[in-house]
Amino acid sequence: MSPRLALINAHLVDPASGLDAPGALLIEGERIADLGPRLFNDGLPPGATVIDCKGRVLAPGLVDMHAHLREPGQEHKETLATAGRAAAAGGVTTVVAMPNTKPPIDDVAILEFLQRRARDNSAVRIEAMAAITRGLEGREMCEMGLLAASGAVAFTDGEKSVANPRLLLRALAYATTFDLLIVNHPEDPALAEGGQMNSGEVSLRLGLTGISPAAEIIGLERDLRLVEATGARYHASGISTAESVHVMRRAKGRGLRASAAVAPHHIALTDAAVGDYRTFAKLSPPLRNESDRQAIVAGLKSGAIDIIASHHAPQDQEGKRQPFAQAKVGAIGLEIMLPVALELARDGHMSLIEVLRKMTVAPAELLKLDRGALRKGGPADLVVIETRRRWRYDADLSRSKSKNSPFDKRDMQGHAALTLVGGRVVFDAERERAYSFGPERLDG
Amino acid sequence: MTLVAAESFPHRHLLGISGLSAGEIQLILDRAEGYAQQNRQVDKKQALLRGRTQINLFFENSTRTRTSFELAGKRLGADVINMSVATSSIKKGETLIDTAMTLTAMRPDVLVVRHSDSGAVELLSQKVECSVINGGDGSHEHPTQALLDALTIRRRKGRLAGLTVAICGDVLHSRVARSNILLLKTMGATVRLVAPPTLLPPAFRGFGVEVHHDMRKGLADADIVMMLRLQLERMQGAYVPSIREYFHFYGLDYAKLAVAKPDALIMHPGPMNRGVEIDPEVADDIDRSLIREQVEMGVAVRMAVLDLLARNLPNLGPVAAK
């Protein structure tokens, strides 16, 4: 018989079913055998290993649909192994890799190579999006049908927006053949060209070329018109402006099959984080101003924004220790996505179950993955969440190979206490020699 | 308001006007005033920086700023060398940090740095052990230019507080404009910016200045008209339709100057594009134009900055020679 693992004294939170109650969960082998408020009322099953959750939240493991894993090609920044460890520490049990590797994931052979490397090296499940266009060059469509048949969960050119509207129109139309998801970075490339950060008082003060909010709004509006013309499934990989939230709400009102994600950075930070040329805060889309940030939070609450995704983008020191204009774009995010998202519940913007929905069942459904739920027979991908403990994030202690985070030294509240993938513990905060997020307790 | 000069200059670097108090600016200007006198003597040489090494590290082409810093250093007795990096190491893939590490190993006392990227000089200053003077970084700051402009104005008008200064032209890309805005605001002047919106986004109001798109309104009753250089590549349809149209609406000529105060003076950081942002007649009007005096004051101001920073340099004796 498969090994049994009983998680008791848990606060079960399952956005898929709406379950939000004290209870327990039983794992047999790699799957959830049973769960519920009254489970084990008649005693524990014989031979089961027991984990006492001590009243903590037990939720489906997080599904992060936007991460740059850098393997193959840039293993000095990140590998599937290091990204897997960072994900596990962040409560993420499925990571979706972006295709902008070297070479890019634009071909079945490369996709299968990545899948094999992921199985062998990563503590968590890794899925991949494939490129929309060959070489991410924005000219010719990839073999989307064949790539999907080999397991590509969606199609995107990553941080590059598909610039040519006719090509995107055709990609969207073709994708409807197999009901594939097209993911685009909504940005008008001509408007954003040369831009380094949000255009506004901070960019003027620093003398940096700004990226107008209009670049994103026009990109998003354009994409949605093409979605309307084709009926395709579309996902905006990351939005940052207040107006984008309204654009998404209106698109949903028109019945479009469109969704949008936001990165933790845009939930919690503004362009003030750039300060005096902090290149760790150089992101795409750029950090915007406080009213945009508040609109993003409101958009998560209203449902205009469906998903929180880490936008994990490791960069090495050399890439970031540069004049701002020369510095590489992006920040690591796998470990801090959950803590930052938990702030939304702590500060009363949303309930915990609604926050978790954005990182579990919502992305899983979009990607048609049988994950992100507490379901009998489903995979035992789980996270136990400590919501009360306060701690300070130290990016130097990150499990990611890169340390580029604008959240470095930020006070956080809550984190993954225990992460399981397929019934196997891949992260246990109590067993970490130093709880490497920062052993420092700010209070009891 | 009587402004009292600060008694000391507690900074290791001069990276920008941002972060300087009114008293510290006053101190630099007062010190520069003395050097301006001295520079008109036959013997201009002092020994204050004897034994010190000053490297002028220019990642961007410059003739007048580099020469000005070179003269300033030499007149104070420093050994000065010039390095143009624009064409050498960077093309070989060496990063700014690598260059900084290489140079710091040569133990200079002062680095004067110009770079085409905003923030690059500050980044470099974090990685070296000597004093760093910003000789202009991207569109960010050019502090010695603002200081020499202030000295020039003060010598002619006797003060900075209460004056109205109109800064006209490509404000968006201008480090000279940013440093001048910060300095003039700190010293109590009223600052107006004048340019078409493509070169002057309205968000500049956040600096506490007036934003004008009409030259006549911007220049009305101004004491000082400061013209900025417009790069030719920005003139040909990208930010303004043509040189002809730009000059028509924003070029400084006597007709537009007529709305300023009768004794208004004209400044330009150079090099000028005659017939683009300024009518040659106006530029060369010796009663109105301060352009030559600005260049002269440049050397004095840079000597003052070197002087004040040098006083904070560690006195490297034999002990430190390990």
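Note: hydrogens, waters and symmetry copies are ignored here, and every other heavy atom, side chains too, is used.
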Novice: More than 12 heavy atoms of other residues, nucleotides or ligands under 6.0 Å from NZ of A:Lys403: yes or no?
Specialist: yes
Novice: Is it true that, when you exclude A:Gln317 itself, more than 12 heavy atoms of the residues, nucleotides or ligands shown sit nearer than 6.0 Å to its CD?
Specialist: no
Novice: Within residues 262-281 of chain A, which residues come under 4.5 Å of chain B, heavy atom to heavy atom?
Specialist: A:Asp276, A:Tyr277
Novice: Going from CD on A:Gln322 to CG on B:Leu123, what distance comes out if it is rounded to the nearest 0.5 angstrom?
Specialist: 8.0 Å
Novice: Looking at B:Lys217, I want to see if its NZ is surrounded by more than 12 non-hydrogen atoms of other residues, nucleotides or ligands under 6.0 Å.
Specialist: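 Not buried by this count: 12 neighbours or fewer within 6.0 Å.
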Novice: Name, in order of residue number, those residues of residues 204-212 of chain A that have a heavy atom at a distance of less than 4.5 Å from a heavy atom in chain B; otherwise write 'none'.
Specialist: A:Leu204, A:Arg205, A:Leu206, A:Gly207, A:Leu208
Novice: How far does CG of B:Leu96 sit from CZ of A:Arg321, to the nearest 0.5 angstrom?
Specialist: 10.0 Å
Novice: Is it the backbone or the side chain of B:Ile181 that comes under 4.5 Å from a heavy atom of chain A, or both, or neither?
Specialist: neither
Novice: Based on non-hydrogen pairs under 4.5 Å, which of B:Val121, B:Leu172, B:Asp117 is most in contact with chain A?
Specialist: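 So the answer, after comparing B:Val121, B:Leu172, B:Asp117, is B:Asp117.
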